2 protein chains.
Amino acid sequence: MSQNEVEKSVPTLADVASLANVSTATVSRCLNSPDRVGKDTRERVMKAVNELGYAPNFGAQALAARQTNTIGAVIPTMENAVFARGLQAFQEELGRHGKTLLLASSAYDAELEEQQIRALVARGADALLLIGYDREPEIYRFLEKRGVPTLIAWSFNPAETRTAVGFDNRAAMRALARDVIAQGHRNIACITAPTRSNDRARGRVEGIRDAKVEAGQDPAEVMIVETPYGIGTGEEAFRQVMAQAPDTTAIMCVNDVLAVGALRAARALGLRVPEDISVTGFDDIEIAALADPELTTVHVPHREMGRRAAQRLIEVLQDNVMGQSKELPTEIRMRQSLGPARKA
Amino acid sequence: MSQNEVEKSVPTLADVASLANVSTATVSRCLNSPDRVGKDTRERVMKAVNELGYAPNFGAQALAARQTNTIGAVIPTMENAVFARGLQAFQEELGRHGKTLLLASSAYDAELEEQQIRALVARGADALLLIGYDREPEIYRFLEKRGVPTLIAWSFNPAETRTAVGFDNRAAMRALARDVIAQGHRNIACITAPTRSNDRARGRVEGIRDAKVEAGQDPAEVMIVETPYGIGTGEEAFRQVMAQAPDTTAIMCVNDVLAVGALRAARALGLRVPEDISVTGFDDIEIAALADPELTTVHVPHREMGRRAAQRLIEVLQDNVMGQSKELPTEIRMRQSLGPARKA
DNA sequence: TGATAAAATGTAAGCGCTTACATTGCCCTC
DNA sequence: GAGGGCAATGTAAGCGCTTACATTTTATCA
């Protein structure tokens with residue numbers, strides 16, 4: 001399995017043991033719990049280890065110790081800055097605790113996600129990070145049966161029982177929608193990513209409806225356009241909204257990327273933002289503040305989420321018990337793309 | 001190592017074997033080379049597998065088969081869209097071939113990178129993807145000794161012997177610099193990421209100098225400002241350039257993020273781009289086309305690079321021999337941020 | 001100083017799988 | 001219908017490590 005011809009040279013525990021003139025058990029202890037070994041023995045062993053350039057065989061270690069020190073994560077895609085950012089923090093925190101990240105992606109496809117989850121478990125992931133709650137119950141059963149602790153991130157829903165480290169998508173969007181309505185908007189459209197098996201997007205859409213209801217308006221008035229993730233698709237969706245519902249005065253997008261697309265389409269159509277139409281995003285990734293006009297959006301602490309998720313998972317591996325769910329706060333970033341509704 | 005109390009229930013090969021009334025060898029063959037087993041036996045075994053919900057134990061498999069089907073990658077950071085994009089394609093291709101990605105990041109720190117490389121090897125990575133050539137020879141020696149095939153990406157340098165799948169950073173930047181010079185620019189500044197142990201950034205800077213030389217100008221005229229990756233740092237570097245060398249008419253940045261920072265600083269300083277000053281980037285990530293003015297930059301086929309890198313690594317694992325290096329072409333994306341030099 | 005406890009080390013039994021080699025049974029061929 | 005060849009299956013020897021338990025050594029204390 002390698003192009004190395006000197007294969008035989010890879011030293012094993014036994015080699016170290018015989019060089020240091022001790023048993024393999026002692027060498028193993030030296031490496032794993034040095035304090036349980038006498039000082040001079042330890043030094044002798046360590047010297048042998050260095051001399052031989054010994055490093056443990058992963059498979060053997062995993063087999064004997066029944067753990068791999070490896071944690072899996074299945075995300076929709078790294079190309080979404082939101083996940084890239086969160087995962088970066090996640091991985092850094094894992095690294096700090098001697099754990100390694102096994103990464104897979106689902107391209108927002110439920111079936112592919114299931115495959116990837118199974119693949120990571122098969123690769124010996126000690127625990128798993130998954131995005132959002134939506135998932136076939138069968139998968140959760142599988143995970144339970146295999147005894148793989150699983151943490152949900154990017155979502156927090158008090159109504160769900162699984163442990164999560166995330167934020168309340170619905171409440172966050174509701175808060176933003178309140179502000180939109182407060183600016184006099186009534187004809188609101190929503191550009192969303194597909195909501196099927198995506199409780200995050202669905203929650204955000206619901207949040208808008210919630211705010212409508214609170215304001216005594218009919219939630220069914222909200223025009224919903226579903227489209228895949230992307231700037232181009234956001235543009236297209238914007239055109240569609242304006243064609244079908246020209247009265248629309250505010251377009252709330254479930255993420256910044258779609259919103260930036262909307263912004264571009266607005267400009268192309270000769271519409272001023274926010275004078276003619278308001279646009280909002282969600283996530284607060286870099287382009288939100290870079291856009292012109294700057295995008296009003298919901299700030300999500302992605303890095304902190306990743307970091308905390310890692311901590312939870314490390315804890316559960318240590319203490320054998322998963323901590324409580326943790327809700328992280330989001331914040332509305334009021335910028336230029338939201339303004340008062342134009343007069344009818 | 002898990003909160004599961006029904007631990008004993010995880011079935012082994014032997015369980016499947018006895019249920020199906022065959023030997024463990026047959027079960028193993030059913031799973032790994034089904035064609036070497038009779039049809040009805042195979043069906044019986046598969047039925048048992050499903051019935052028990054059997055899945056192989058990773059450690060045991062790795063130990064016995066001497067390979068983990070796991071490929072490691074150490075990148076600077078996922079937060080850089082360039083790597084996120086390339087890695088996404090890399091992971092997808094790996095997945096297509098039944099390999100899993102072990103991911104670590106170095107934060108552009110050589111020492112941390114070394115640690116991560118060792119960690120991934122210790123975690124049983126069958127092969128490794130590394131970014132750029134620059135690295136202590138000791139690390140390469142270690143990798144060789146351990147027999148871990150290693151591929152370099154994001155760089156291609158004909159002068160280097162290691163196998164790489166990447167592009168010629170120096171030539172690409174040289175080409176862009178030629179265009180800049182052709183627009184009458186002579187007082188060129190370069191904002192670069194730290195060049196220490198980063199042959200990509202260094203190559204790009206060299207590329208600018210090359211073009212100066214070709215044009216009969218003094219390469220030492222190029223003002224170089226080194227700064228960490230980031231929009232904010234790009235802004236700051238721009239101010240520094242303008243403060244120290246107000247005659248500068250073109251600022252070439254080694255990546256788009258720094259360039260976007262430069263663009264912002266220019267605007268803040270009341271400088272028009274490209275009338276008062278030209279700015280160029282490198283990578284052609286999303287924000288390049290979104291920036292205002294749109295950024296002239298070098299397009300790099302990140303996805304294809306990731307995909308091809310995966311293929312190379314899969315090949316080497318199969319055939320035991322690493323293919324040739326592959327140079328991918330880059331393209332100049334001429335947009336609005338580069339214009340003729342202003343008159344002195 | 002001898003009994004007893006504690007620390008250090010060794011012994012050896014797995015962990016669950018792959019695979020070289022051995023065995024069995026069947027189909028051809030002449 | 002005996003012998004050869006091949007496909008299907010079984011046997012069992014590891015793979016390199018961890019760890020329960022046994023043994024030996026050293027420290028402690030009356």
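What you see is a predicted model, and the numbers here were worked out from it, not measured in a lab. For the numbers below, each heavy atom of this structure counts, side chains included, while hydrogens, waters and symmetry mates do not.
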- Query: What parts of residues 50-64 of chain B reach DNA chain D, counting only heavy atoms under 4.0 Å away?
  - Reply: B:L63, B:A64
- More than 12 foreign heavy atoms under 6.0 Å from CD of B:E136: is that the case here? no
- Query: Which angle, to the nearest 10 degrees, lies between the helix axes at the two ends of the helix from C:dT1-D:dA30 to C:dC30-D:dG1, each defined by five pairs?
  - Reply: 30°
- Using atom CG of A:N32 as one end and atom P of D:dC17 as the other, report the distance to the nearest whole Å. 11 Å
So which protein nitrogen or oxygen atoms get under 3.5 Å of nucleotides 24-26 of chain C's nitrogens or oxygens?
none

- Message: Among residues at least two apart in sequence or on other chains, which ones pass salt bridge (charged side-chain N to carboxylate O under 4.0 Å, His left out) with A:E138?
- Response: A:R118
- Does A:S28 have a side-chain nitrogen or oxygen under 4.0 Å from the phosphate oxygens OP1 or OP2 of D:dT18? yes
- Item | With A:T24 via side-chain contact (heavy atoms from CB on, under 4.5 Å) - residues at least two apart | A:L13, A:A14, A:A17
- Message: Please determine whether side-chain contact (heavy atoms from CB on, under 4.5 Å) holds for the pair B:L120 and B:V74, giving the CA-CA distance in whole Å, both sets of side-chain angles, and the decisive distance to 0.1 Å.
- Response: CA-CA 9 Å; B:L120 294 194; B:V74 183; 3.7 Å; yes
- Message: Just the rounded figure in Å: distance from C1' of D:dT19 to CG of A:L13.
- Response: 13 Å
- Go through the structure and list residues passing side chain to side chain donor-acceptor pair (under 3.5 Å) with B:R135, not counting sequence neighbours. B:E113, B:Y140
- Item | Results of salt bridge (charged side-chain N to carboxylate O under 4.0 Å, His left out) for B:D199 - residues two or more places apart only | none
- Over how many whole Å does the gap from A:N69 atom CG to D:dT18 atom C1' extend? 14 Å
- Check whether the ring centres of A:F83 and A:F90 lie less than 6.0 Å apart, and answer yes or no. no
- Search all heavy atoms of A:D126 against all heavy atoms of A:L317 and return the closest pair with its distance. O-CD1, 3.8 Å
- Query: With sequence neighbours excluded, what pairs up with B:T26 under the side chain to side chain donor-acceptor pair (under 3.5 Å) test?
  - Reply: B:S23
- Rounded to whole angstroms, how far apart are CZ on B:R66 and C1' on C:dT18? 10 Å
- Could you write nucleotides 4-10 of chain C as a row of B, S and -, 5' to 3', where a protein heavy atom under 4.0 Å of any base atom gives B, of only sugar-phosphate atoms gives S, and otherwise -? ----SBB
- Pair listing, ring pair (Phe, Tyr, Trp, His ring centres under 6.0 Å) test, anchored in residues 112-133 of chain B, at least two apart: none
- Item | Within residues 37-58 of chain B or reaching into it, pairs that qualify as salt bridge (Lys or Arg N to Asp or Glu O under 4.0 Å) - sequence neighbours excluded | B:K39-B:E43
For residues 92-105 of chain B, dump all side-chain donor-acceptor pairs below 3.5 Å to protein atoms at least two apart in sequence or in another chain.
| from | atom 1 | to | atom 2 | distance (Å) |
| --- | --- | --- | --- | --- |
| B:E92 | OE2 | B:Q88 | NE2 | 2.9 |
| B:E93 | OE1 | B:R96 | NH1 | 2.3 |
| B:E93 | OE2 | B:H97 | NE2 | 3.2 |
| B:E93 | OE2 | B:Q311 | NE2 | 3.4 |
| B:K99 | NZ | B:N69 | OD1 | 2.8 |
| B:T100 | OG1 | A:R123 | NE | 3.0 |
| B:S105 | OG | A:Q88 | NE2 | 2.8 |
| B:S105 | OG | A:Q91 | OE1 | 2.5 |

- Task: Taking all non-hydrogen atoms of both residues into account, name the closest pair between B:V165 and B:A309 and its distance.
- Result: CG1-N, 4.2 Å
